Protein chains: 2
Amino acid sequence: MLDAAPLPDCDTLRPCGSCGARHLSVCARADEAGLKELAAIAETLDFAPDQTLAAQDEPAAHLFNITSGVVRVFKLMADGRRQIVGFLFAGDFLGLASGDRYAFGAEAVGAVTACRFRRGRYQALLARSPSLEGALLERASHDLRAAQEQMLLLGRKSATERLASFLTDTAARTGGDDIDLAMSRAEIADYLGLTIETVSRAMTGLKASGLITLSGARRVRVERPDALAALACGD
Amino acid sequence: MLDAAPLPDCDTLRPCGSCGARHLSVCARADEAGLKELAAIAETLDFAPDQTLAAQDEPAAHLFNITSGVVRVFKLMADGRRQIVGFLFAGDFLGLASGDRYAFGAEAVGAVTACRFRRGRYQALLARSPSLEGALLERASHDLRAAQEQMLLLGRKSATERLASFLTDTAARTGGDDIDLAMSRAEIADYLGLTIETVSRAMTGLKASGLITLSGARRVRVERPDALAALACGD
DNA sequence: CGAAATTTTGAACCGTTTCAACGGACGTGG
DNA sequence: CCACGTCCGTTGAAACGGTTCAAAATTTCG
């Protein structure tokens with residue numbers, strides 16, 4: 001009987017990027033009884049870089065709680081255009097979007113470990129465990145707020161402002177002004193609604209104005225966090 | 001004692017624009033006991049065109065259930081740039097975004113009536129009424145999915161594709177290919193991340209290609225729904 | 001009917017994209 | 001240990017889609 005085995009792994013606490021608070025992960029919110037049931041329907045999995053967790057338009061069989069690594073969540077158009085709607089870090093939850101099919105794809109950026117639940121059994125558990133439902137609602141509300149912020153970015157911000165927003169955000173999420181980017185320029189571009197060339201130029205621009213320094217393409221240090229954050233807001 | 005007085009007004013059922021299903025409004029989901037309590041903390045209000053329901057960054061004192069009319073939900077930048085993150089119609093719910101302050105502004109587009117709840121008392125009720133919480137979670141998930149779709153639009157679609165998406169969406173939401181737009185070109189522009197001129201030109205373009213006809217700026221008839229929907233997806 | 005507001009149209013401009021070439025990091029095999 | 005090839009990121013130049021500014025046309029409303 002797999003009682004508490006997979007659970008400790010998905011019980012991660014981490015500071016929230018946008019609001020600073022330390023949200024409990026979904027697993028951690030289950031009550032005593034719920035926790036036991038949760039263990040019974042959970043399994044811990046490892047994913048290789050670029051491996052698929054969920055495929056767009058496929059039946060939504062599972063939900064995930066990310067334990068380590070970074071996951072990209074994206075939507076694809078028929079001609080290949082891609083919009084990354086979010087990056088998930090340890091503690092983040094995947095699978096909230098409604099419907100019986102995934103409205104998005106999800107792939108591992110680097111190596112990822114995640115806690116996986118069968119959707120049907122999870123929902124049955126949910127119905128019996130109100131505190132779990134509350135945790136999910138809190139997270140959904142949180143994600144919704146983040147999505148609205150991203151709409152402002154995509155609809156109204158310049159390339160430089162977008163990158164400044166992204167770096168400020170990422171610094172807050174990973175908890176430090178020394179950022180080790182897990183994602184490529186292509187992924188940043190598809191997240192910010194730009195091309196890799198524009199991302200590169202914007203990065204060079206920020207470096208030139210002394211807001212950041214680079215040591216290798218993926219190692220960014222935010223030198224003037226306040227100025228970067230101000231730029232992100234258009235001031 | 002105001003028992004069932006304001007409740008019938010916010011018990012609206014309407015077809016869902018994106019998935020076609022008829023979601024129950026939040027009020028309609030409360031159980032017997034919850035419904036009574038809900039009545040006690042609800043009040044029906046009328047809003048004049050452009051009147052504020054909620055102001056960005058102000059304390060989030062209330063939640064709303066729209067009864068009639070259209071509401072614009074938006075985010076503002078310091079220099080006045082505006083991104084409308086969504087339009088709400090009868091039955092839609094406002095106030096899900098987390099935190100103790102509104103992350104967005106909300107204003108009546110035309111005349112609006114809405115059911116208003118005090119946030120604190122609503123949350124207390126929520127804690128005691130799991131079915132209500134489930135309804136909210138369902139709606140939050142639904143909104144999240146819509147937000148992701150909008151991110152794809154804002155990040156990757158051309159002006160014409162954006163307008164085609166908007167018209168297809170609006171036709172589905174208002175239930176008919178004869179659309180009477182409640183919002184101005186400026187509002188459509190701020191929703192689609194464009195300027196009024198570009199919206200106007202895209203509208204002219206759709207008319208020229210025979211996908212729509214116009215009778216007055218705000219009266220749109222979708223002549224070829226399938227072709228319009230295909231265009232919205234980039235095909 | 002007349003005035004104000006909104007929408008459409010036109011032309012020049014600009015930021016981002018596109019296309020192309022270069023440079024550097026990394027891993028493999030000689 | 002170094003040569004080579006590949007992948008990723010950067011840089012440059014030209015092209016494009018959307019914006020900006022300006023003015024005409026249409027609609028709305030008193």
Side-chain angles (χ1 to χ4, degrees), chain A residues 49-50 72 77 79-84 109-110 153-167 179-209 212-220 231 234, chain B residues 48-50 72 77 79-84 109-111 153-167 179-209 212-220 231 234:
Chain A
D50 296 323
R72 57 174 177 262
M77 293 178 69
D79 60 6
R81 278 176 282 178
R82 179 177 72 165
Q83 177 66 39
I84 293 182
V109 171
L153 181 150
L154 293 169
R156 290 299 178 214
K157 290 187 183 177
S158 72
T160 306
E161 289 167 349
R162 292 182 199 201
L163 187 61
S165 300
F166 172 71
L167 292 176
I179 308 172
D180 204 346
L181 293 172
M183 61 290 286
S184 68
R185 292 289 186 269
E187 290 169 319
I188 298 174
D190 281 351
Y191 180 57
L192 300 180
L194 302 168
T195 60
I196 52 175
E197 294 94 334
T198 302
V199 170
S200 181
R201 281 185 250 267
M203 197 77 85
T204 305
L206 290 180
K207 188 175 71 173
S209 36
I212 62 171
T213 49
L214 297 172
S215 39
R218 302 202 178 190
R219 185 128 206 110
V220 183
L231 180 58
Chain B
D50 296 322
R72 57 176 176 260
M77 293 177 69
D79 60 5
R81 276 176 283 179
R82 179 176 72 166
Q83 177 65 39
I84 293 181
V109 170
L153 180 149
L154 293 170
R156 290 298 176 216
K157 289 187 184 177
S158 73
T160 305
E161 289 167 350
R162 293 181 199 201
L163 187 60
S165 300
F166 172 71
L167 292 175
I179 307 171
D180 204 345
L181 292 173
M183 60 291 285
S184 67
R185 292 290 184 269
E187 289 168 319
I188 297 173
D190 281 351
Y191 180 58
L192 300 180
L194 301 168
T195 60
I196 53 174
E197 293 93 335
T198 302
V199 170
S200 180
R201 281 184 251 266
M203 197 77 86
T204 305
L206 290 180
K207 188 177 71 175
S209 35
I212 61 170
T213 49
L214 296 171
S215 40
R218 303 203 178 187
R219 187 131 203 106
V220 183
L231 180 58

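Computed from a prediction, not measured in an experiment: that's the story for all the values here. Each chain gets a letter, A, B and so on, in the order its sequence line appears, and its residues count up from 1.
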Original post:
What are the bounds, 5' to 3', of the part of DNA chain D that sits under 4.0 Å from heavy atoms of chain A?
Top reply: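 First and last nucleotides in contact are D/dG9 to D/dA13.
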
Original post:
Hey, are B/K207 and B/T213 close enough side-chain-wise for a donor-acceptor pair under 3.5 Å?
Top reply: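 Looking only at side-chain atoms, B/K207 and B/T213 do not form any donor-acceptor pair under 3.5 Å.
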
Gap separating the [atom1] atom of [X] from the [atom2] atom of [Y], nearest 0.5 angstrom:
| X | Y | atom1 | atom2 | result |
| --- | --- | --- | --- | --- |
| B/K157 | B/S165 | NZ | OG | 3.0 Å |
| B/F166 | B/I188 | CZ | CD1 | 4.5 Å |
| B/S158 | B/L231 | OG | CG | 7.0 Å |

Original post:
With sugar-phosphate meaning primed atoms plus P, OP1 and OP2, does A/R218 contact a base, only sugar-phosphate, or nothing at under 4.0 Å between heavy atoms?
Top reply: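 It contacts sugar-phosphate atoms only.
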
Original post:
What is the nucleic acid contact for B/R162, judged by heavy atoms within less than 4.0 Å: base, sugar-phosphate only, or nothing?
Top reply: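 The answer is nothing, as B/R162 stays clear of every strand by at least 4.0 Å.
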
**OP:** For A/I179 and A/L167, work out which heavy atoms get closest and say how close.
**Re:**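 Smallest interatomic distance, heavy atoms only, reads CD1-O, 3.6 Å.
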
Subject >> Taking every non-hydrogen atom, the tightest pair across B/L214 and B/M203 >> reply: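 Closest approach of B/L214 to B/M203: CD1-CG, 3.9 Å.
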
Distance, rounded to the nearest Å, where [X] contributes [atom1] and [N] contributes [atom2]:
| X | N | atom1 | atom2 | value |
| --- | --- | --- | --- | --- |
| A/R82 | C/dT17 | CZ | C1' | 17 Å |
| B/R185 | C/dT9 | CZ | P | 11 Å |
| A/R156 | C/dT16 | CZ | P | 14 Å |
| B/I188 | C/dT7 | CD1 | P | 8 Å |
| A/L154 | C/dT16 | CG | C1' | 15 Å |

**OP:** For the pair B/R81 and B/D190, evaluate salt bridge (Lys or Arg N to Asp or Glu O under 4.0 Å) and give the outcome as yes or no after the intermediate values.
**Re:** CA-CA 9 Å; B/R81 276 176 283 179; B/D190 281 351; over 6 Å; no

Subject >> DNA chain C contacts among residues 192-203 of chain B, heavy-atom distance under 4.0 Å >> reply: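 Hits under 4.0 Å, by residue number: B/E197, B/S200, B/R201.
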
**OP:** Show your working on side-chain contact (heavy atoms from CB on, under 4.5 Å) between B/R82 and B/M77 and close with a plain yes or no.
**Re:** CA-CA 6 Å; B/R82 179 176 72 166; B/M77 293 177 69; over 6 Å; no

